**Q** 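Here it is, the structure in full.
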Number of protein chains: 2
Amino acid sequence: MKRKITLKQIAKELDVSISTVSKALRNSPEISNDTKQKVQAFAKLYNYRPNNIALSLKNRKTNTIGIIIPEIVHHFFSKVIRGVELVANNRGYNVIIGLSNESFSKEVINMEMLANGSIDGFILSISKETQQLQDFHHFTETMSQGMPIVMFDRVVSEIDCDKVIVDDLNGAKNAVEKLIINGCKSIALITTKDYVSVGKLRTQGYLEALKDHKMTPKANLILKIDDTLDFETHLDELEEEIEQLFNSNEYIDGVFAVNELYALSAMKVARKLGLNIPNDVQVIGFTDGVLSKHATPGLTTVSQHAQQMGERAADLLIDKLESEIDTEEEEFQTIVIATDLVERESTK
Amino acid sequence: MKRKITLKQIAKELDVSISTVSKALRNSPEISNDTKQKVQAFAKLYNYRPNNIALSLKNRKTNTIGIIIPEIVHHFFSKVIRGVELVANNRGYNVIIGLSNESFSKEVINMEMLANGSIDGFILSISKETQQLQDFHHFTETMSQGMPIVMFDRVVSEIDCDKVIVDDLNGAKNAVEKLIINGCKSIALITTKDYVSVGKLRTQGYLEALKDHKMTPKANLILKIDDTLDFETHLDELEEEIEQLFNSNEYIDGVFAVNELYALSAMKVARKLGLNIPNDVQVIGFTDGVLSKHATPGLTTVSQHAQQMGERAADLLIDKLESEIDTEEEEFQTIVIATDLVERESTK
DNA sequence: GAATGTCACGAAAACGTTTTCGTGTTAAAA
DNA sequence: TTTTAACACGAAAACGTTTTCGTGACATTC
């Protein structure tokens, strides 16, 4: 089994020095045309490619960015990855992934694994557990060693770094306003516990929309789910909670859910209770998922433009990496990605 | 902005040699306890971690595996990645991803980017375009340089390497048999053009099941879709083709589709034509997707165990990487992952 | 013929490790 | 007191590059 060919081997074979080979391949004017041609022909024949690791060591730059996400089997996150990968590759970078599985310790371990020279910078969305624990030492530590971080979607205000976020508040507000304009009088909210930053903001958007239209929020119209449970495998419990929500309110004609699964479950429960969608109750979800599109009826959703988030995050990170030469005063940006309301059949 | 601390800096600070620092940190018996403690304390204080790139260069081993897939926004592939990532991390490896976007040239470029020292081996599923072009030089070239490859799902028999595949033939056969047992007399097949290896095998499974039950396949019951089109954005055309399929056959009471989208579209069309599922027509799809579960009615599917495929592929690759020390005669395995029939409401 | 300049190339350092081998110091053995 | 052994450490090479600087050979100029 052959190994990859190196400069040294070429040099030996052609009876010149390593430096000469290197220069010949990079077309340096120092080298005569004869030698250049000889070397280049030989290199081509043996399919020579410079060893990336050696280059990384020499240049103290890996041209690789690390992305840490809580979960990859999730349309939102895989779309973000696609966005990151797209611009990264175009700009000459590789992407290396780490999954935290929503666990704090796995997040820390993964970051440590990558931070030791493997990558030039991080793009990440923090795990639920980290959000709960409020322990951010691994972020500050990484940044203090000169490794830039870009956070997306689930960000944390305590850390000063570049961020790309969804306009959760206004996205939610617009959705709820849509329901109001469509004539809904009693709009339920299905959301998460408050420690999930995005859940909190979407809840806030719901409240603002009501307020703007002089409607009073009612506590029993708001269902806060504890989403530390994996509802992909515990769908029944989720549906049960939602059914209770419907039953404890005589009249719900609109539902705003902070994610796709909650919205779909709401539709399912409503149908089960004999309600027609969208005539009796209208439903809007929040997501970039594929379920909404193929559901029956199609679910109206707030689209987050996940791929765009990934692209912006990658650009932000690479810009920082390549400007760092001038070590200008640290200046962090927060890019807010506007949402779109994608109207389907679950609203009038 | 601080850089990461190195052995050299520690050595200078403590006024010992680099070798001493290195040995002290690795608890070498050569070093006195005094010095060890001094060095270790200092290293801990400054949070010293060995530079991975330097280690990779020295050891000629990156402990990173590259995975090339056609598309990441796809449940099957993201589940495979999760499987790979899981065992890779457990065994001390990182995972770096490359997307081919179903394009031959992107596949080649991506592989070249990674093959130059960045990774120790590949796990990949080949793009549709590569399957069409039948150009596999990048695989042979990579392997001839001593870099092992494990192919999964979409494999190619021309290349000798480890493989992890789904038992497409039997998966399809079992599904169709299920329909037959359930009383279907006229079973349609919605598949892809033959160059897609998995499509071909599933078609074959369909035919075998019919044959085993003395049923004659009818040409106008078989619809071969040209899936070079992106049907996520051209759903209508897909549905139109399927509607023609239904219209050109007086009586279809069963549908087997080789993927989730085709199956869902078939259900949609059937409903549109006034047919009840599963009473008038029963439908089975082939996938590991999330749509089937949340569709109404739930779609009965052939599950591929994508995550398990990723796990097996990663184990195969790492085993090879770590055994290569003895350079035993190359011996390649092909692991066949059995499928499961997940029964939901689209069948009786 | 001496001084200067150009050309074509090689030596060596550097990136951050690990590891082999050599060496000076001290303590124990003869 | 000399020999030997153990001990504690340092020098240097190696992994594969790129780049700076030095140098010998030859040609040109005065």
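Every heavy atom of this structure was used, including side-chain atoms; hydrogens, water molecules and symmetry mates were not. Predicted model only: the values in this text are computed from it and were never measured. Residue numbers begin at 1 in each chain, while the letters A, B, ... track the order of the sequences.
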**Q** Using the side chain to side chain contact (heavy atoms under 4.5 Å, CB included) rule, pick out the option among A/I318, A/L317, A/L316 that qualifies with A/P148.
**A** A/L317
**Q** So A/K8, base contact, sugar-phosphate only, or nothing? Heavy-atom distance under 4.0 Å.
**A** sugar-phosphate
**Q** Rounded to whole angstroms, how far apart are CD1 on A/I31 and P on C/dT6?
**A** 18 Å
**Q** Mind telling me whether A/F139 and A/F136 have parallel, tilted or perpendicular rings, with 30° and 60° as the class edges?
**A** parallel
**Q** Find which nucleotide of DNA chain D each of B/A54 and B/K36 is nearest to by heavy atoms, and output the residue with the more 5' nucleotide.
**A** B/K36
**Q** Check the distance between D/dA8's P and B/D34's CG and give it to me in whole angstrom.
**A** 9 Å
**Q** Reckon B/L7 touches a base, only the sugar-phosphate, or nothing at all at heavy-atom distances under 4.0 Å?
**A** base
**Q** Quick one: A/I18 CD1 to D/dA13 P, roughly how many Å, whole number?
**A** 14 Å
**Q** For a side-chain hydrogen bond (donor to acceptor under 3.5 Å, both in side chains) with A/S118, tell me which candidate from B/N52, B/N51, B/T64, B/T62 qualifies.
**A** B/N52
**Q** Report yes if a donor N or O on one partner sits less than 3.5 Å from an acceptor N or O on the other, where the partners are the side chain of B/K58 and the base of D/dG16; otherwise report no.
**A** no
**Q** Could you tell me which non-hydrogen atom of A/F122 sits nearest to which non-hydrogen atom of A/M111, and how far apart they are?
**A** CZ-O, 3.6 Å
**Q** Hey, which sits more toward the 5' end of DNA chain D by its nearest nucleotide, B/E30 or B/R60?
**A** B/E30
**Q** Between B/I65 and B/A88, which heavy-atom pair has the shortest distance, and what is it?
**A** CD1-CB, 4.1 Å
**Q** In this structure, how many angstroms lie between the C1' atom of C/dT17 and the CG atom of B/N52, rounded?
**A** 11 Å
**Q** Students often get this wrong, so: under 4.0 angstrom with heavy atoms, is B/S56 touching a base, only sugar-phosphate, or nothing?
**A** nothing
**Q** Does D/dC15 have OP1 or OP2 under 4.0 Å away from a side-chain N or O of A/T6?
**A** no
**Q** Confirm from the modelled atom types if A/S19 and C/dA11 form a donor-acceptor pair under 3.5 Å, side chain to base only.
**A** yes
**Q** Under 3.5 Å, is there an N or O donor on one side and an acceptor on the other linking the side chain of A/K23 and the base of D/dT20?
**A** yes
**Q** How long is the line joining CG of B/N27 and C1' of C/dT18, in whole Å?
**A** 15 Å
**Q** Look at A/T35 and C/dA8 and indicate whether a side-chain polar atom (N or O) is within less than 4.0 Å of OP1 or OP2.
**A** no
**Q** Which nucleotide wins on minimum distance to the side chain of A/P50, given the candidates D/dA12, D/dC21, D/dT17?
**A** D/dT17
**Q** Could you go step by step and tell me if B/Q145 and B/E141 meet the side-chain hydrogen bond (donor to acceptor under 3.5 Å, both in side chains) rule?
**A** CA-CA 7 Å; B/Q145 287 179 347; B/E141 217 161 77; over 6 Å; no
**Q** Between C1' on C/dC9 and NZ on A/K38, what's the gap in Å once rounded to a whole number?
**A** 11 Å
**Q** Within the structure shown, what part of the strands sits under 4.0 Å from A/S22 by heavy-atom distance: base, sugar-phosphate, or nothing?
**A** base
**Q** A/K61 NZ to D/dT17 C1': how many Å, rounded?
**A** 17 Å
**Q** Of B/L57 and B/T20, whose nearest nucleotide on DNA chain C comes first from the 5' end?
**A** B/L57
**Q** Between C/dT19 and B/R26, is there an OP1 or OP2 to side-chain N/O distance shorter than 4.0 Å?
**A** yes
**Q** Starting at atom CD of B/Q9, determine the distance to atom C1' of C/dA14, rounded to an integer number of angstrom.
**A** 14 Å
